[in-house]
Every structure is written in structure tokens, then in C-alpha cells.
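To start, the structure itself, in C-alpha cells.
Whatever order the structure lists them in is the order used to number ligands and atoms, beginning at 1.
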Amino acid sequence: MTALRVGIAGLGTVGGGVVKLLAEHADLHAARAGRGLRLAAASALEMPRALAPLLKNAVWHGDALDLAASPEVDVVVELIGGEEGIARKVVEKALQSGKSVVTANKALIAHHGNELAKAAEDNGASLLFEAAVAGGVPILKAMREGLAANRFVRVYGILNGTCNYILTEMEQTGRDFDEVLAEAQARGYAEANPSTDVDGFDAAHKLAILTAVAFGCPVNFSAVFVEGIRAVSALDIEFARELGYRIKLLGITGRGKAGIEQRVHPCMVWADTPIAQVSGVLNAVVAEGDFVGQTVFEGAGAGERPTASAVVGDLIDLARGRAAPPFAVPVSELVALPAQSMADRTGAYYVRLIVRDQPGVLADAAEVFAAAGVSIESVLQRGRDPKATVPLILTTHATTEAAMRRVRTALAGLAAVVEEPMLIRIESL
Ligand code: HSE
């Protein structure tokens with residue numbers, strides 16, 4: 001059988017990894033795919049010198065759009081990145097030209113996945129993006145194939161390695177967010193502009209994709225509630241430990257009473273749960289199916305070699321002719337499901353107040369909870385200094401987000417509360 005002719009657009013870290021992996025394991029890939037995977041064309045702003053020997057038999061395109069329509073390519077691998085611009089144009093053009101596409105671009109799929117999946121189907125092509133969610137962890141393939149017999153109940157995970165690294169460092173060193181972020185940037189673990197990671201958007205892109213695959217609905221990124229980790233303090237980490245929890249930025253999607261809930265925010269999880277054990281830059285996804293129960297997938301969520309592993313896994317599927325529909329069912333079978341509002345989230349909460357240490361403060365705070373119909377589970381206060389402020393920690397029994405929003409507003413209005421109250425949702429996983 002003739003080799004699958006691969007064209008790569010974008011030769012950054014991941015593109016370089018794909019070029020190297022295709023070369024290093026060519027025989028293994030051919031044996032597994034039943035045909036070779038041949039690097040036929042490449043495009044980038046510049047050819048990285050280190051890759052030149054591996055690209056000598058590939059046609060070079062200065063313009064990635066030329067590669068997208070080029071007759072010497074069967075599959076286009078888009079590794080440029082970004083939800084708009086050239087990346088989107090390359091993918092659209094490739095699909096319109098009847099070529100299958102493999103991409104690691106989570107923002108593109110989260111924002112335009114529905115139209116792109118339709119364009120793929122209309123043109124008899126495939127669209128695969130395993131590397132877009134949790135990097136090297138083959139969670140999409142597992143959900144579409146190995147777990148295909150199940151109705152998914154809930155899927156959640158640590159979907160951003162940068163945030164997990166920062167939270168892990170804060171926990172292990174007792175340092176605050178700003179300090180750990182600055183160090184992570186200096187070491188190259190965090191981007192110079194860290195917003196996409198630390199404000200939760202990268203995890204939200206991945207969660208929107210997981211939701212579509214899990215529940216067979218169109219991708220609905222705008223329905224994801226997103227809150228990042230900037231407000232988590234060293235104090236919160238310390239109190240979480242005292243209460244038996246760890247703080248993780250989780251993406252959670254599930255069937256709620258009012259529809260599909262999709263949320264990304266810092267969570268307190270019991271320290272002995274599998275997800276709480278995942279530390280540093282690792283990613284992990286827990287997929288809960290009605291027959292299989294809980295399945296846990298963990299591994300590297302980014303980086304040259306793990307991400308290349310996911311991209312080439314997709315290429316091997318294409319070479320075998322066994323690519324599943326991008327969102328597990330044909331586009332015509334996707335069913336739009338109602339989105340549950342964040343206000344309907346139910347569960348327990350951790351509340352951290354910084355208060356003046358004086359008589360009556362706890363009573364006033366307790367009254368706020370009582371007025372909102374929220375039951376307090378525990379109260380913690382450390383330190384005693386009538387001239388200063390102290391942290392006052394309360395945890396609640398299960399309640400709604402709507403009630404806790406009322407509580408937060410009322411607490412912020414108390415004279416003795418000197419900082420914006422911090423709320424962290426406690427998840428029973
Ligand atoms: N920046 C992401 C992370 C990896 O920190 O996990 C790519 O999505």
C-alpha cells in the first residue's frame with residue numbers, strides 16, 4: 001500500500017517533535033499502520049537548522065496555505081496554533097481540498113470545531129485533534145473507542161500543566177502565587193503572558209472539547225464557566241491542608257439537573273483522591289462511564305515528545321483508515337443540550353475572610369450564612385491579635401452557587417471584613 005503523505009504546517013516545539021518521531025520510529029509506524037507515514041511537505045516561517053536533514057525529502061512551502069492545498073499531501077498537520085488567522089485558514093483550506101487534518105490546536109477546535117467537523121464530513125475527510133486535550137494522554141481516543149459502550153456521567157481533570165505546577169509549588173514551598181509564577185516564567189515553565197494558562201482559558205478550551213466527545217453535543221465554549229488561580233493564596237493552600245484537601249484547577253463537565261455543566265475553577269479535593277495525587281506539570285483526566293465506573297488517565301500534558309506522540313497516533317489511525325468521527329458521532333447526530341448555569345452548581349464551599357479580630361465578627365458572619373439558608377460545617381481561626389486582622393475560615397454543607405454569591409456579597413459588606421472574601425468550591429470526586 002502506498003505511504004500516507006504527511007504535510008506539516010508549523011515547525012515549533014511540537015512540529016519538530018513530530019518530524020523526529022516520524023523519522024525515529026518509521027518502521028514501527030509502518031508495521032502498526034499497515035503502510036508507511038512519509039513526511040512529504042513542510043512549512044514554517046523558517047526551516048529550523050536541526051531539522052534540515054530530516055526534511056531533505058520533503059517539499060518546502062514558504063506559505064502554509066500552499067501546503068494545505070498541495071497535491072503531494074494526503075494529510076495536513078496543523079501545528080501553528082491560535083484560534084484564528086493562518087491556522088484556521090490552513091485547516092479550512094485543507095479540508096476543502098479533501099485532505100484530512102490533524103491538529104494540536106485546542107483554541108481552534110473549541111471555537112470552530114463544529115464548522116470544521118462539518119467541513120471534514122462534507123469533503124470526505126477526517127479531523128483529529130488528540131494532542132489538543134491533555135497533550136500526550138490519549139483521552140479522546142479512549143472516550144471515543146475504548147469507552148464507547150458507556151454513557152458518560154461526568155468527566156473532569158487537571159487540564160493545564162502550568163497551573164498544576166504553580167499550585168504544587170505553592171503547596172510544597174508555602175510561597176504565594178505571584179512569586180511562584182515569576183519563577184516559573186524565569187525557568188520557561190510559564191509563558192511571558194501567562195493569562196491563557198493561569199486565568200483558566202486553556203483548560204476551558206480542552207474542557208469544551210471533552211464535553212462534546214463525552215456527551216455527543218456540539219462544542220459550546222461560551223457555556224464554560226471559567227475562573228483561574230490568581231486569587232488562590234498561600235493561606236488557602238495551608239488551610240486546605242489542615243482541612244484534609246488539596247487545591248487543584250479542575251475542568252469539570254457532567255450531566256447536571258438543569259443540563260450539561262461545564263466549569264473550570266480552583267477546587268478543593270480530598271487529599272487521598274487520585275486527582276489530588278497528580279503533581280507538577282502533569283495532566284490527568286477522570287472519565288466516569290455508567291458501566292465502567294471511574295477510569296483515570298494521567299501523563300504529560302505538553303512538551304515536544306508527548307504532544308508528538310498524540311499527533312502521530314492520529315496519523316497512524318488515518319493511515320489505517322480507522323479514524324473515528326471527531327466528536328464520537330457524525331455531525332448530523334450531535335444533539336445540542338441545554339447548558340446548566342453556574343448559579344445551579346451544588347456542593348460545599350470553603351470561604352476565607354480576612355477580618356478585624358474583635359468580638360461579634362464571627363456572629364455577624366454566621367448571620368449572613370443563616371440569612372442565605374446556608375449551613376456552616378466548620379469554622380477555623382488562627383492567631384489572636386485584637387489590633388490586627390486574622391483569617392477566618394468557614395466551610396459549608398452542600399448549597400448552591402446562587403446562595404453563595406449572596407453570601408459573598410453580604411460578607412464583603414461587613415465592616416470587619418477587610419478583603420474581598422475568597423470562595424473555593426469543594427468537590428466530592
Ligand atoms: N500551556 C498548556 C499547559 C499546555 O500549561 O498545560 C498546552 O495546552
At under 4.0 Å between heavy atoms, which part of [X] makes contact with ligand 1: side chain, backbone, both or neither?
X    : value
D197 : side chain
N160 : both
K106 : side chain

**Prompt:** Is the shortest N/O to N/O distance between G161 and ligand 1 below 3.5 Å?
**Reply:** yes

**Prompt:** Quick one: does K206 get a heavy atom under 4.0 Å from ligand 1?
**Reply:** yes

**Cation-aromatic face contact R175/F177, 6.0 Å, 45 degrees** = no

**Asked** Is R144 close enough and on-axis enough to F129, meaning under 6.0 Å and within 45°, for cation-pi?
**Response** yes

**Item:** Between Q262 and T211: side-chain donor-acceptor atoms closer than 3.5 Å
**Value:** yes

**Request:** Establish, from distance only, whether the side-chain atoms of S222 and N220 form a donor-acceptor pair under 3.5 Å.
**Result:** yes

**Item:** Derivation and outcome, salt bridge (Lys or Arg N to Asp or Glu O under 4.0 Å), residues R263 and E427
**Value:** CA-CA 12 Å; R263 46 196 174 92; E427 298 295 330; 2.7 Å; yes

**Asked** Of all the non-hydrogen atoms in the protein, which one sits nearest to atom 4 (C) of ligand 1, and at what distance?
**Response** A302 CB, 3.8 Å

**Shortest protein heavy-atom distance from atom 5 (O) of ligand 1, along with the residue and atom involved** = T162 OG1, 2.5 Å

**Stepwise salt bridge (Lys or Arg N to Asp or Glu O under 4.0 Å) test for R230 and D199** = CA-CA 7 Å; R230 287 185 201 264; D199 294 323; 2.7 Å; yes

